[in-house]
Amino acid sequence: MSESGTLTNGEVARVFERIAGIMEIQGENAFKIRAYRNAVETLNTLPEPIAQVAAAGRLDDIPGFGEAIQAKVKDILATGTTALYERIKDKVPDGVVEMLSIPGLGAKTVRQVWEGLKIESIAALEIAAQSGKLTELPGMGEKTVQKILQSIERYRRYSGRIRIGDALPLAESLISAIQNFPVVSEAHIVGSVARGRETVANINLAAAATSPAEALQGFTQLPQVSSIVSQDERSARVVLHGGMEADLFVAAPDEFAELLDERIGSAAYNEARRAQTEVSADLLKQVPMEIRENGGEIEAALAGTLPTLVTLADIRGDVHAHTTASDGKVTIQQMAVAAKAHGYEYMAITDHSQSLYIANGLTPDRLRAQIAEIRALEDSLGIRIFTGSEVDIKADGAMDFDDDLLQELDIVIASAHMHNNQDKDAQTKRIIKAIENPNVDLIAHPSGRIINRRDPFDFDFDAVVAAALRTDTALEINAAPERLDMSDVHARQAGAAGVKILINTDAHSIENYDLMRYGVLVARRAWLTPHNVFNTRPLAEFEAWLHR
DNA sequence: GCCGTTTTCGGCCCGACTGTTTTCAGTCG
């Protein structure tokens, strides 16, 4: 644990996460545990550094931060730990707490595995599962063991890759510090973060410096840095607080263009570029960073057919958002004001439908009251507010509201949140049935994946694209960094087929509107232009499509 | 542990799914 006074929100959150995990295994009060987990969630989504909030004496303003959690935040910021954690940390081994991150393993099972079989790590759990020892436990059958083995495999596959939503802000904080070094004339994020990949293994940065040695020295001494892995005359690799690795590559100013050229594209891109002798450096400069993946961009540059990719400035509306009526954090009015502040011409309120109890989904009566509320508010706010709903797709593909209610809404978003373990054929039919409902305008987060946590469900994407095209139904690029769904690959396929694509943040708070840029990154990686992304259209044209 | 004009205690998101259980516990969203 770092002793410095500049702990990140993520580091503070990790202490609370460990506390919650230990308490959970010890069977403490579930609500107490939830209070800590809520604090973790809050810290991970807080729009400013918790150290700054604490320094300004504003911890009390954070919802869910009461007396006890505030005191612990202060402890952790000052000392890297807190008395409660020091008292309980040795009661449960770290490896046992880590087992909680295996999907399908809850606190009760972990405790049983630990106390019953003396298993104290995921590796030991895997061996016990393979040898059949695990089935000695009561309630532990062959199917459960197989599920655990699959979960361990998936956990291994996911770990080590950081989501772009975590990596990009960290890269930006490093680059702005580096740009302030007197010897540095220019510095940029490069590598997979610059290309906007959905997950990255590390952060790569490049700087032009009159004194490379001084620039590297400054880099390794930044407060974000926890330790130095390696260093030579032209580069340094460090580990950041939180465990991510970051590399800085340095060149003299007159050699910097060449360095950037080498460090932005993927390995496949660099290889293809070297093989193409007729392509000039000037021509390659026109290739947008995000598509330097050897996916046809070099050929397009040569042919003069590079796309003009969609930008954040092209977006005119964000039409997927939640309020306190379901699981959002603020009111209709606050969301509308925030959307207007983002320069949008239109937005939509799309709270969850009745079946999603966990998110306090709206009943038909509550939704009708909300429609009236929006109509009464809209004129005073200076932004077009579409009435809408994020309606659950039921197991058989039917919508969670009757058609007469759906017809009363400006926009209907269909989402598969539940019943997603059906076989490929059934799942595909179900999504297509939703697409074919004439009231449905958009399919949200089509694959249902949660990056690093849940695989996409099994469905026939080709058939979904064909159905969307046939019915003029849009498909979403959900910009939430844990979703980014459609993926870049699916979005490119859908865009090339001519399907309307909307990029939405699925905002549950005002701050969430800022996540739009991650959705735009996905769209750019998918070669999408403003023509493909329909929420770049002016209000009249967008509205005409909704009422088609 | 947090929260609150039904405030200083008693609630706190609640139903579905899965596998194993013989009537339900654990996990998840």
Side-chain angles (χ1 to χ4, degrees), chain A residues 15-17 19-43 59-73 75 82-85 88 99-114 116 129 134-151 154-155 322 324-329 351-363 366 390 392-396 400 415-423 426-427 444-445 448-450 453-455 457 480 482-483 506 508:
Chain A
V15 179
F16 285 122
E17 181 60 49
I19 290 173
I22 293 168
M23 286 182 161
E24 203 173 4
I25 289 164
Q26 292 187 312
E28 288 242 21
N29 181 308
F31 295 107
K32 196 165 166 180
I33 294 161
R34 194 160 77 192
Y36 283 114
R37 286 259 150 78
N38 286 343
V40 170
E41 181 61 23
T42 302
L43 282 164
L59 284 178
D60 202 36
D61 297 344
I62 302 179
F65 277 32
E67 210 175 319
I69 286 181
Q70 285 179 42
K72 290 182 179 71
V73 167
D75 282 350
T82 182
L84 171 68
Y85 179 61
I88 65 176
M99 279 190 249
L100 286 175
S101 43
I102 305 290
L105 275 192
K108 302 267 170 65
T109 313
V110 167
R111 181 170 185 169
Q112 217 180 25
V113 163
W114 172 42
L134 222 48
T135 51
E136 290 172 14
L137 292 172
M140 183 70 68
E142 190 51 36
K143 281 193 176 172
T144 306
V145 171
Q146 286 310 315
K147 250 173 70 175
I148 288 173
L149 281 171
Q150 279 171 17
S151 291
R154 196 161 50 233
Y155 177 77
H322 298 270
T324 47
S326 63
D327 58 351
K329 287 187 179 158
D351 277 309
H352 290 287
S353 62
Q354 52 191 348
S355 286
L356 209 60
Y357 302 98
I358 181 179
N360 191 24
L362 276 63
T363 59
R366 289 180 63 211
E390 180 178 11
D392 258 79
I393 304 172
K394 294 195 199 178
D396 64 353
D400 192 26
S415 287
H417 290 115
M418 299 183 290
H419 321 289
N420 287 333
N421 53 351
Q422 306 185 30
D423 67 41
Q427 186 71 359
H445 41 72
R449 71 165 179 179
I450 304 291
R453 204 168 79 223
R454 193 168 73 211
D455 286 336
F457 50 64
E482 67 273 18
R483 287 194 183 270
D506 197 352
H508 285 70

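The analysis underlying the following values was restricted to heavy atoms, covering all of them including side chains, and did not include hydrogens, waters or symmetry mates. Letters A, B, ... mirror the listed sequences (proteins, then strands); counts begin at 1.
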Legend entry - Given DNA chain B, 5'-ward residue of the pair A:L105 and A:G141, judged by closest heavy atom: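 Nearest nucleotide further toward 5': that of A:G141.
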Inset, instruction - Report the residue (A:Y36 or A:L100) whose heavy-atom-nearest nucleotide on DNA chain B is the more 5′ of the two. - result: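 Nearest nucleotide further toward 5': that of A:Y36.
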Indicate yes or no for a side-chain donor-acceptor contact from [X] to the backbone of [Y] under 3.5 Å, with no hydrogens or angles considered.
{"X": "A:D392", "Y": "A:S353", "value": "no"}
{"X": "A:E482", "Y": "A:I450", "value": "no"}
{"X": "A:R366", "Y": "A:S326", "value": "no"}

Inset, instruction - Could you walk me through whether A:Q146 and A:E142 pass side-chain hydrogen bond (donor to acceptor under 3.5 Å, both in side chains), step by step? - result: CA-CA 6 Å; A:Q146 286 310 315; A:E142 190 51 36; 3.1 Å; yes
Inset, instruction - For residues 102-112 of chain A, pull every pair meeting side chain to side chain donor-acceptor pair (under 3.5 Å), keeping only residues two or more places apart or in separate chains. - result: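 Residue pairs with at least one partner in residues 102-112 of chain A: A:R111-A:E115.
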Legend entry - Paired nucleotide for B:dT8 [Watson-Crick or G-U wobble; both distances under 3.5 Å]: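 Its partner is none (no Watson-Crick or G-U wobble pair with both distances under 3.5 Å).
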Legend entry - Of all pairs that satisfy salt bridge (charged side-chain N to carboxylate O under 4.0 Å, His left out), the ones with a partner from residues 24-34 of chain A, not counting sequence neighbours: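 Of all non-adjacent pairs touching residues 24-34 of chain A, those that pass salt bridge (charged side-chain N to carboxylate O under 4.0 Å, His left out) are A:E24-A:R37, A:E28-A:K32.
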Heavy atoms only, 4.0 Å cut-off, all strands: where does [X] land among base, sugar-phosphate and nothing?
{"X": "A:K32", "result": "base"}
{"X": "A:Q146", "result": "nothing"}
{"X": "A:L356", "result": "nothing"}
{"X": "A:P138", "result": "nothing"}
{"X": "A:A107", "result": "sugar-phosphate"}

Legend entry - Contact boundaries on DNA chain B for chain A, cut-off under 4.0 Å to non-hydrogen atoms: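 Using the under 4.0 Å cut-off, the span is B:dG1 to B:dG29.
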[atom1] gap between [N] and [M], integer Å:
{"N": "B:dA16", "M": "B:dT21", "atom1": "P", "value": "24 Å"}
{"N": "B:dC13", "M": "B:dG4", "atom1": "P", "value": "13 Å"}
{"N": "B:dC12", "M": "B:dT5", "atom1": "P", "value": "15 Å"}
{"N": "B:dT27", "M": "B:dT20", "atom1": "P", "value": "14 Å"}
{"N": "B:dC2", "M": "B:dT6", "atom1": "P", "value": "22 Å"}
{"N": "B:dT22", "M": "B:dG15", "atom1": "P", "value": "26 Å"}
{"N": "B:dC14", "M": "B:dC9", "atom1": "P", "value": "25 Å"}
{"N": "B:dT8", "M": "B:dG1", "atom1": "C1'", "value": "15 Å"}

Inset, instruction - Measure the acute angle between the ring planes of A:H508 and A:H322, then classify it against the limits of 30° and 60° as parallel, tilted or perpendicular. - result: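 Ring orientation of A:H508 relative to A:H322: parallel.
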